[in-house]
Amino acid sequence: MMIRGMMIGAALTLAACATGPGGARPFEDAAVQKLYNLPTPQYYATLKIANQVAQNCAHYSYDSAVDLLVNEKRNEVGRGSLSALGLRNQIDLETDVSQRSFNAKHGVDLSTGEDLCPAADAETLENSAMAAVLVPAG
């Protein structure tokens, strides 16, 4: 179980496109702070959805540098990847609920691979927690 959680965290990190050593947003940014303050299940659900959005929108990339920075800060206070190991069921449930909520909110279906750029634009305009790891391309 512990290995599975670590593998999932590593897979999310490796699947992400790096934006550079510092990331696009500083830790003090409002969206980054929203991401940092999410409960652990919501945090991991948000990262998974953001990764899906970035993979299905050529206008955005996933900011793995911000992801790693926030995870390090969360680990310092006991709410990072290490704490997630015992919360796998809650994270899976929250991810399912969050994906359905995202689909309804934006009128999309994350599972189809459709263009998610309008949803990414909306999240960015809202400056949501998800926007912390979505970087507009070029």
#### Entry: Test side chain to side chain contact (heavy atoms under 4.5 Å, CB included) applied to Asp29 and Gln33, step by step
CA-CA 6 Å; Asp29 181 88; Gln33 287 297 303; over 6 Å; no

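- Gln55 and Asn51 share a donor-acceptor pair across their side chains, judged by distance under 3.5 Å alone.
- Looking at every heavy atom in both residues, Asn127 comes nearest to Ala31 through OD1-CB, 3.4 Å.
- Under a 3.5 Å cut-off, the side chain of Ser128 and the backbone N or O of Ala131 do form a donor-acceptor pair.
- A distance of 7.0 Å separates CG in Asn75 from OG in Ser83, rounded to the nearest 0.5 Å.
- You'll find the side chain of Val108 reaches within 4.5 Å of the side chain of Phe102, heavy atoms only.
- Checking side-chain atoms of Asp67 against main-chain N and O of Asp63 turns up no donor-acceptor pair under 3.5 Å.
- No donor-acceptor pair closer than 3.5 Å links the side chain of Lys73 to the backbone N or O of Gly80.
- Of all non-hydrogen atoms in Ala119 and His106, the two that sit nearest each other are CB-CG, 3.6 Å.
- Looking at residues two or more places apart in sequence or on another chain, you find a side-chain contact (heavy atoms from CB on, under 4.5 Å) between Lys105 and Glu123, Glu126.
- In this structure, Arg79 forms no cation-pi arrangement with Tyr43, as its terminal cationic atom is not both closer than 6.0 Å to the ring centre and no more than 45° off the ring axis.
- In this structure, CG in Leu47 is found 11.0 Å from OG in Ser64, a value given to the nearest 0.5 Å.
- Closest of all the heavy-atom pairs between Ala54 and Ser61 is CB-C, 3.8 Å.
- Judged by distance alone, the side chains of Arg74 and Ser81 never bring a donor and an acceptor atom under 3.5 Å apart.
- Glu114 contributes a side-chain N or O that, together with a main-chain N or O of Asp109, makes up a donor-acceptor pair within less than 3.5 Å.
- Residue Leu38 is not grouped with residue Leu134 when hydrophobic side chains (ILVMFWY) are merged at heavy-atom distances under 4.5 angstrom, including chains of intermediate members.
- With hydrophobic clusters built from ILVMFWY side chains whose heavy atoms lie under 4.5 angstrom apart, Met130 shares a cluster with Leu110.
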### Message
Using side chain to side chain contact (heavy atoms under 4.5 Å, CB included), reason through Gln99 and Gln52 one step at a time and then give a plain yes or no.
### Response
CA-CA 10 Å; Gln99 287 173 327; Gln52 289 175 288; 2.9 Å; yes

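- Across Ala137 and Ala58, no two heavy atoms sit closer than the pair CB-O, 3.8 Å.
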### Task
Would you check, one step at a time, whether the test ring pair (Phe, Tyr, Trp, His ring centres under 6.0 Å) holds for Phe27 with Tyr36?
CA-CA 9 Å; Phe27 184 71; Tyr36 172 76; 5.2 Å; yes

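- Checked by atom type and distance alone, the side chain of Thr46 pairs as donor or acceptor with a backbone atom of Gln42 at under 3.5 Å.
- Closest of all the heavy-atom pairs between Ala120 and Val53 is CB-CG1, 3.6 Å.
- Under the 4.5 Å side-chain heavy-atom criterion for ILVMFWY residues, a single connected hydrophobic cluster contains both Val77 and Val70.
- Remark: the backbone N or O of Leu116 is not paired with any side-chain donor or acceptor of Tyr60 at under 3.5 angstrom.
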### Query
Yes or no on side chain to side chain contact (heavy atoms under 4.5 Å, CB included) for Asn71 and Tyr44, after CA distance, side-chain angles and deciding distance?
CA-CA 10 Å; Asn71 187 56; Tyr44 283 100; 3.3 Å; yes

### Message
Evaluate Arg88 against Ile91 for side chain to side chain contact (heavy atoms under 4.5 Å, CB included), listing each step before the verdict.
### Response
CA-CA 5 Å; Arg88 184 79 276 158; Ile91 291 170; 2.8 Å; yes

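- Taking the side chain as every heavy atom from C-beta outward, Leu35 and Val133 approach each other to under 4.5 Å.
- Closest approach of Pro26 to Val32, counting heavy atoms only: O-CG2, 3.5 Å.
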